Amino acid sequence: MAIKNNNQAKQVADTSRKHLIFSLGEEEFGIQVLNIKEIIQMQEITAVPKTAVYVKGVINLRGQVIPVLDLSARFNLPQRQYTPHTCIVVVRLATSMGERLIGAVADGVSEVLSIAEEDIEPSPDFGNGASVPYLLGMAKVRGKVKLLLDTDKVFYIEASQDIN
Amino acid sequence: MSATKNTAPVADQLAARLDELATLWMVDGPGSLTEQRLIQLAALAQKDPAFAEIAKRANALANDRSKGKMVAEEPFTAFQRLMRGEAEPVVQAPAPAPAAPAAAQTTAAVAMEEEPMEEDEVAFDDDPEMLAGFVTESQEHLAAIEEQILALERDPSQLPAVHAVFRAFHTIKGLAGFLGLKGVQGVAHEVETLLDHARNSRVQISVEIVDLVLESSEYLQAEVNRINGALNGADPGKAKNNRALLRTIATVTQRALEGGATSEPAAVEKTAPVAAPAPAPVKEETPAALTPKIEAPAAPAPVAKEDEPVAPAVSASTAPKVEAAAPAPAPKAEISVPAALELKAEAAPTPATAQKKVEPEPAAAIAPQAAVNKSEPISASIRIDTAKLDQLMDMVGEMVIAQSILSHNPIVANNRDARLIGDLAQLARITGEVQRRAMNIRMMPIGPLFQKNAKLVRDLSRRHGKQVELLLAGEGTELDKTIAEELSDPLLHMIRNALDHGIETPQERAAAGKNPTATLRLSAEHESGKIVVSISDDGRGLNPDKIFRKALERGLVTEDTQLTETEIFQLIFSPGFSTAEKITDISGRGVGMDVVRKHVENLRGHIQIESELGKGTTFYIHLPLTLAIIEGLVIVVGDHRYIIPVFSVREMLRPTPEMLVRVQGTEEMILMRGNLYPLVRLHRRFGIKPRSEDICQGLVVVCEGAGRQFCLHVDDLLGRQEIVIKSLGETFSDNTGLTGCAILGDGRIGLILDVVQIFKMPNETGEEAA
């Protein structure tokens with residue numbers, strides 16, 4: 001993963017190193033700015049029945065209906081109350097059908113960081129055979145660790161039949 | 001070829017365009033588009049000297065044209081050749097008598113094409129975009145060819161139709177030429193030559209020619225399909241050999257040229273008495289260049305007039321038509337001569353009845369005419385990616401919502417300023433109009449869909465020795481493009497069905513005292529915000545007893561099932577039902593009427609049958625105008641709002657306790673007016689918390705779908721409104737119970753329920769379920 005990041009860094013120079021940092025509870029995550037369409041304020045999400053727990057529902061993004069995920073549920077983090085800082089990060093995903101938009105609820109976005117490749121470590125191996133599937137790597141910035149997300153994996157929604 | 005091939009692709013495309021325009025020019029005169037091209041061409045000429053000469057020539061032609069000079073054909077052909085890079089420096093002097101040089105040129109061209117079948121020079125990975133453009137454009141032109149040539153067969157005197165077919169072939173030829181598709185080019189060229197003679201009245205359109213043109217268009221279609229396949233990754237293979245076809249066309253052209261005289265008497269001999277007086281006027285007409293053109297279309301008129309007394313009784317019987325046709329005087333015979341050769345009764349009465357039908361329904365008559373005329377200026381429409389249209393629709397929808405939010409804003413709603421109120425009202429009007437127009441973009445006339453089937457009817461009836469006359473009505477009726485596309489298959493199948501099962505052989509018909517020529521009528525009309533497409537035949541009709549016995553055999557009903565005639569007719573839509581004694585290649589292609597019904601239901605439509613034994617059958621397909629907008633009931637369950645499409649709702653009521661019936665402790669039913677309906681509680685299906693478990697606190701909606709009814713328990717009804725359906729996206733594509741969603745008036749999303757799926761799905765057993 002680090003190698004992939006490396007290549008991208010060469011191609012797109014600075015921009016690909018830039019990551020949007022957002023928080024979920026105590027943890028901080030990073031998503032490449034290149035993959036982000038926009039950040040919108042929290043709005044009412046229409047729940048879709050018979051979907052996985054981490055699918056919050058759908059929202060109306062200027063006439064486009066896009067799904068919104070609850071990453072806390074995906075990462076098994078405790079549920080928290082919405083605050084004025086709660087927002088929806090809208091991410092672009094490249095699919096076979098073309099670009100697709102998908103949102104994720106975040107407790108708040110803090111900053112955009114340029115992360116050098118040497119500061120990124122491969123995703124951790126906890127020794128129990130299951131490495132963390134959604135992580136591209138971990139970045140150490142000013143003594144704190146940001147978890148860099150693999151958007152393709154973290155925003156993948158399993159078909160509803162597979163849920164149970 | 002080579003000169004332009006070396007320049008930029010845009011130049012190639014432009015040249016292909018020009019080629020087409022040159023043809024248009026000849027026939028219709030320059031349009032604004034032409035001027036645009038001229039400007040582009042001038043710009044190109046500045047960059048590339050190769051175009052300087054073309055530009056000069058084009059300008060000169062445009063000038064001639066604008067001065068009202070009749071531009072002779074010759075400079076144009078030269079012009080086209082030049083664009084193809086076939087160097088030809090000499091500008092033709094004003095054309096002499098058009099006939100001679102044109103013919104000379106034709107023979108030269110024929111000689112050129114007669115060489116062994118040339119290999120295509122096309123490289124499939126070179127220019128995929130241009131090839132794709134060729135495929136779409138050719139397909140359009142081929143469709144036009146089919147439509148027009150069949151119209152021609154009915155009335156060979158229609159000069160505009162000859163022009164249209166000629167133009168279509170010409171354009172295909174031009175396009176194919178630039179792409180190096182020699183096979184297509186060759187065939188298109190030969191047909192074009194033949195049609196050129198026809199439009200200059202040197203050749204009379206005959207059945208032979210119609211057949212040949214159709215055969216050629218089939219060849220072209222096959223080639224276009226092959227190219228399309230290659231573009232989609234299939235093995236391109238080799239172009240089909242067109243030598244035989246080329247030779248046939250050349251022979252027919254030659255024969256037709258030598259004598260409309262020699263070929264037509266032959267036809268006359270076979271159809272002796274009726275057509276006998278015909279050759280005379282035809283012969284006179286042929287050499288006389290332009291004047292007869294005007295007379296020709298007038299010919300059917302007297303016939304129609306003579307028939308007028310019969311006309312109002314269209315449905316009465318087809319018999320009088322035939323009687324009228326037989327002793328018809330010369331002008332009538334003239335029309336039917338070519339058709340009479342093979343089709344005899346099938347084609348012969350067509351012009352007469354077409355005219356007749358027209359009389360009592362002027363509106364219907366004008367519509368097809370208008371459609372034909374409309375298809376003339378090709379440049380009047382542009383092709384748009386449907387994705388762009390959808391985006392536009394999205395934004396328009398947003399605008400409507402934003403406007404509604406604005407007007408409901410308390411500050412705005414409470415204001416007393418007359419001017420602001422006026423301005424807001426104006427905004428609301430404009431927004432509504434924009435929405436209406438945007439919706440209208442997706443609408444297209446149903447005519448082309450009908451036309452597509454005209455050829456099918458012709459082919460199948462011939463092949464099976466049935467005599468069928470196809471009547472079309474309401475071709476101008478507009479419906480959503482998606483619906484039109486989805487309707488194509490069911491319609492095709494129902495027509496096949498009618499031809500195979502409904503319509504008897506001429507012998508059977510004669511024995512039953514009917515006109516040996518059957519009538520198949522396709523029509524479309526608007527009816528209270530819906531579209532009704534009907535397929536009507538005067539064949540043997542549905543036999544309820546036979547259908548019932550068959551259904552019994554198939555185990556679809558039991559001996560003591562009591563059914564009305566309508567219900568029995570509906571049985572033919574059951575899966576696995578087929579009354580055909582034997583499977584023919586017309587129907588029985590693995591598509592049953594059940595699939596037809598499913599298709600139609602997917603379009604939120606339904607099929608109604610009317611049939612009288614021995615008299616005929618009519619299928620009415622009721623369809624919504626558009627798939628994009630439906631009327632929905634907004635309902636509430638707990639904190640959630642859902643939309644139930646109005647078309648699946650029969651009624652709604654607040655139940656009383658005694659209406660609830662328990663079955664085996666778990667299942668519930670509602671007893672209403674003596675009928676029992678299964679009860680489905682939406683909150684249990686979806687695993688959400690309702691406001692109340694007591695059904696008497698809520699409402700039951702009686703839903704209908706897939707032929708069954710059930711009650712859906714919901715908390716409350718919020719209202720009824722028109723909604724724009726949106727897809728939930730591929731993420732939720734396999735989600736059961738939902739067909740999509742819509743953005744409600746407050747900008748929030750409401751999910752649209754699929755009641756059939758909801759009925760079938762199991763209850764959710766999640767922790768939230770009560």
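Below, chain A is the first sequence line, B the second, and so on; all start at residue 1. Predicted model only: the values in this text are computed from it and were never measured.
Enclosure of atom CD in E667(B) is not indicated, since only 12 or fewer non-hydrogen atoms of other residues, nucleotides or ligands lie within 6.0 angstrom. For E118(A), the CD atom counts as densely surrounded, since its 6.0 Å shell holds more than 12 non-hydrogen atoms of other residues, nucleotides or ligands.
Only the backbone of R685(B) comes within contact range of chain A, with at least one heavy atom under 4.5 Å from a heavy atom of that chain. Residue contact with chain A, scored on non-hydrogen atoms closer than 4.5 Å, involves the side chain of M761(B) exclusively. Proximity to chain A is limited to the side chain of I743(B), based on heavy atoms less than 4.5 angstrom apart.
For the atom pair CG of L738(B) and OH of Y642(B), the computed distance is 7.5 Å after rounding to the nearest 0.5 Å.
Looking at E26(A) and R80(A), no side-chain N of the basic residue comes within less than 4.0 Å of a carboxylate O on the acidic one, giving no salt bridge.
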